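Just dropping this structure here.
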Amino acid sequence: MTLLTIHDLNVSLTVGGRRRPVLRDLSIEVAAGETVALVGESGSGKSMTARSIARLLPRQATVSGTITVDGQDVLRLDEAALRRYRATKIAMIHQDPRVHMNPVRTVGDFLVEGLTTTGGFRRAAAESKMVKLLDEVGISDGRRRLRQYPHELSGGLLQRIMIAVALAGDPHLVLADEPTTALDVSTQSEVTALLDDLRRDRGMAMLFITHDLELAAAISDRVAVMYAGEIVEVGASDRLLNAPKHPYSAGLLGARPDLERVLPRLRAVPGRPLAAFEAPPGCAFSDRCDFAIDRCTHEHPTLDVTSGTPARCLRSGEITLTPTLSAGARERPAASGETVLRVTGLSKDFHGHRAVDDVSFSLTSGGSLGIVGESGSGKTTVARMLVGLTTPTAGTIAVCGRDRSSPAARLRERRDRARELQIVFQDPYSTLDPRQSAQACLDEVLRLHRPELDRRARAARIRELADMVGIDERQQQAFPRRLSGGQRQRISIARALAVEPKVLILDESVSALDVSIQAQILNLLDDIRHATGVSYILISHDLAVVRQLTETCVVMRQGRIVESGLTADVLDEPQHPYTQALRTSVPTPGWKPTRRPTNASA
């Protein structure tokens, strides 16, 4: 029985006095007990689709078409009926649970609020029900959890709590909006397995939103691929993963780094993702498509699954697509240059808790080292100690033979150290000054660290850096808010390279990027390393990215290194049980998420 039906949904917003479409002629169905995945890059309309189903659109939104859930016309519900619909028919699970919890209120307050305000429960009865739900989602000692605050719990635990809240109203349809994107691979496996088990046990339908096609195929019955506000392909998960019909679907699959091998070069989808209001008059993907012909630029393709055209492509019947577009393989030999960084016995304590314990590794000139581990394993703390943002409790850090373990005493020494090590963080928007253009940002770094350069020389160096990272003249003049995530990350990389450091630390620098943009940045980083000889330390929970960019790696767990060696050896034949668990948690063709037998811990 069909539970959710969306037919010809169009949504537009007023921005700057102009109407801008965000969803175009969107139609999809989800049956009771079925999981359908929505896959696409940023701006494709995935989250806006979920918001439309929940009637959580901005006030200035203009909506046409129909949305029916369990026989109810959602777009025609009055305020009272809408409250009942949201409380009993649907539930949403968001990407970042910390954003949706009040940090000064207990977890118990968050859990029982819905039951006491709309469910008619008294506080004690609401708490009893939530304790049972916490146990159902794998969280033991529920009474103690009710008294804790969000900052006392891990990301995986908080996401389980969000799932428990979503189940409290016994919903018929769950809207899971990127619920695992911020989680490491093992926690992602547990959370997706939990959602799948609960969906089967309760007979719920689920709309699972993600940008990872392999994860989508592992958890869903069908996958719908979105681009520029419309669905461009829909089909059974296995079929779409192995035989995509739309060039965009094939491009997403081909842009992913391979966990089994190092590819000579990732096949990045050219250009950047488009929003619906930016789409050309013909096929929205024509500007980025290798198969586009003149007809594609002015004729808009249709999508009609019932007529045997499951892809919105004018040439779907005449072109042959392969799910993996990258070809060839190579393994990186261990770098053999001089040692530029040596870490020995590094430890860090925070309020009696040892976050990093006796960590040692070295990095050679022009080499690359991966640091792998779950959230809380100590990876970022190590990075902060390397660049001087955190002082080690014990151990030594030597850069080019000079001891950098203690804080710099003078300004000149801090600048000298900055010219040795630079860091690129995960979120470029939070590290760029919103009041500075990209050009002004780079100029500031050069004025600080290269005072011998006059204005003309700085301008020449800025052009050189911009060319290196692929930023054009218009983007150099733009402010961060006007740039895409990939463009902002390119500027962050250029800023770090401006002082010509010996070592560049990449702290989850591609984890927040769409898969095609991620491929562009990984290719760029590979080119820069070979052109400049800079050494990399790559911190990541994505093992395929580590495989693609590094020669050696260390695996961290609870602050300690549990395994180290050549990246190929560690990933192909992991020796430690923890590394083996990480390896088996990565979504690959045929992979299924699994739950640990033990309850989650804080």
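As a basis for the values below, the full set of heavy atoms in this structure was taken, side chains included, without hydrogen atoms, waters or symmetry mates. Since the structure is predicted, the reported quantities are computational estimates derived from the model, not experimental observations.
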For this session: Can you spot which of R20, R288, R272 makes a salt bridge (Lys or Arg N to Asp or Glu O under 4.0 Å) with E278?
Result: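 In the set R20, R288, R272, the residue that makes a salt bridge (Lys or Arg N to Asp or Glu O under 4.0 Å) with E278 is R272.
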For this session: Please tell me if the side chains of I93 and Q159 come closer than 4.5 Å, counting only heavy atoms from C-beta onward.
Result: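 I93 vs Q159: side chains touch.
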For this session: Can you see which heavy atom on S27 is nearest to which on I231, and at what distance?
Result: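 The pair with the smallest heavy-atom distance is O-CD1, 3.6 Å.
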Exercise. For A255 and V515, which heavy atoms make the closest approach, and how far apart are they?
Worked result: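 For A255 and V515, the tightest heavy-atom pair comes out as CB-O, 3.9 Å.
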For this session: Using a strict 4.0 Å threshold on nitrogen-to-oxygen distance, state whether R123 and E127 make a salt bridge.
Result: yes
Exercise. Is the closest side-chain heavy-atom distance between L582 and V185 below 4.5 Å?
Worked result: yes
Exercise. Less than 4.0 Å between a side-chain N and a carboxylate O, is that true for R239 and E233?
Worked result: yes
For this session: Would you sort out whether L213 and L240 count as a side-chain contact (heavy atoms from CB on, under 4.5 Å), showing the intermediate values?
Result: CA-CA 9 Å; L213 259 174; L240 199 145; 3.7 Å; yes
Exercise. Does the side-chain contact (heavy atoms from CB on, under 4.5 Å) test come out yes or no for V225 and V232, once each step is laid out?
Worked result: CA-CA 6 Å; V225 181; V232 298; 3.9 Å; yes
For this session: Could you tell me whether the side chains of H300 and E230 share a donor-acceptor contact shorter than 3.5 Å?
Result: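 Note: H300 and E230 side chains meet the donor-acceptor criterion.
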For this session: Could you walk me through whether V74 and R55 pass the side-chain contact (heavy atoms from CB on, under 4.5 Å) test, one step at a time?
Result: CA-CA 7 Å; V74 175; R55 280 273 301 271; 3.4 Å; yes
Exercise. Below 4.0 angstrom, N of the basic side chain to O of the carboxylate: do R200 and D197 qualify?
Worked result: no
Exercise. Less than 4.5 Å apart, any side-chain heavy atom of L57 and any of M48?
Worked result: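 Yes - at least one pair of side-chain heavy atoms lies under 4.5 Å apart.
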For this session: Can you establish whether the number of heavy atoms outside H298 located under 6.0 Å from its atom NE2 is more than 12?
Result: yes
Exercise. Is there side-chain contact between V165 and L111, with heavy atoms separated by less than 4.5 Å?
Worked result: yes
For this session: Would you check if there is a donor-acceptor pair between the side chains of T88 and R83 at a distance under 3.5 Å?
Result: no
For this session: Mind listing the closest non-hydrogen atom pair of S52 and V11 along with its distance?
Result: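 Minimum heavy-atom contact is OG-CG2, 3.8 Å.
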Seminar exercise, completed: Between M206 and L173, the two heavy atoms sitting closest are N-CD1, 4.2 Å
For this session: Output, in order, the C-alpha distance, side-chain angles, deciding distance and verdict of side-chain hydrogen bond (donor to acceptor under 3.5 Å, both in side chains) for S237 and S220.
Result: CA-CA 7 Å; S237 300; S220 65; 3.0 Å; yes
Exercise. Should S516 and R267 be marked as a side-chain hydrogen bond (donor to acceptor under 3.5 Å, both in side chains) after you check the CA-CA gap, both sets of side-chain angles, and the distance that decides it?
Worked result: CA-CA 8 Å; S516 66; R267 290 287 185 91; over 6 Å; no
Problem set entry | Residue pair L321 / P247: nearest heavy atoms and the distance that separates them |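 Minimum heavy-atom separation between L321 and P247: CD1-N, 3.6 Å.
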Exercise. Does one side chain, of T68 or T5, offer a donor that lies under 3.5 Å from an acceptor on the other?
Worked result: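 Distance-only check fails for T68 and T5.
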Seminar exercise, completed: Heavy-atom nearest pair, P574 first then Q580, reads O-NE2, 3.0 Å
For this session: Answer whether the closest heavy-atom distance between the side chains of S286 and P280 falls below 4.5 Å.
Result: yes
Exercise. Can you say whether the rings of Y248 and H246 are parallel (under 30°), tilted (30 to 60°) or perpendicular (over 60°)?
Worked result: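 Rings of Y248 and H246: perpendicular, as their planes differ by over 60°.
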For this session: Before giving the answer on side-chain contact (heavy atoms from CB on, under 4.5 Å), spell out for V107 and E152 the whole-Å C-alpha distance, their side-chain angles and the decisive distance to 0.1 Å.
Result: CA-CA 10 Å; V107 170; E152 298 179 87; over 6 Å; no
Exercise. Would a 4.5 Å heavy-atom cut-off, applied to side chains only, mark M92 and R86 as touching?
Worked result: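 A side-chain contact is absent here, since even the closest heavy-atom pair is not under 4.5 Å.
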Exercise. Distance only, no hydrogens: is a donor on one side chain within 3.5 Å (strictly under) of an acceptor on the other, for Q148 and R145?
Worked result: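 Yes, side-chain donor-acceptor contact under 3.5 Å.
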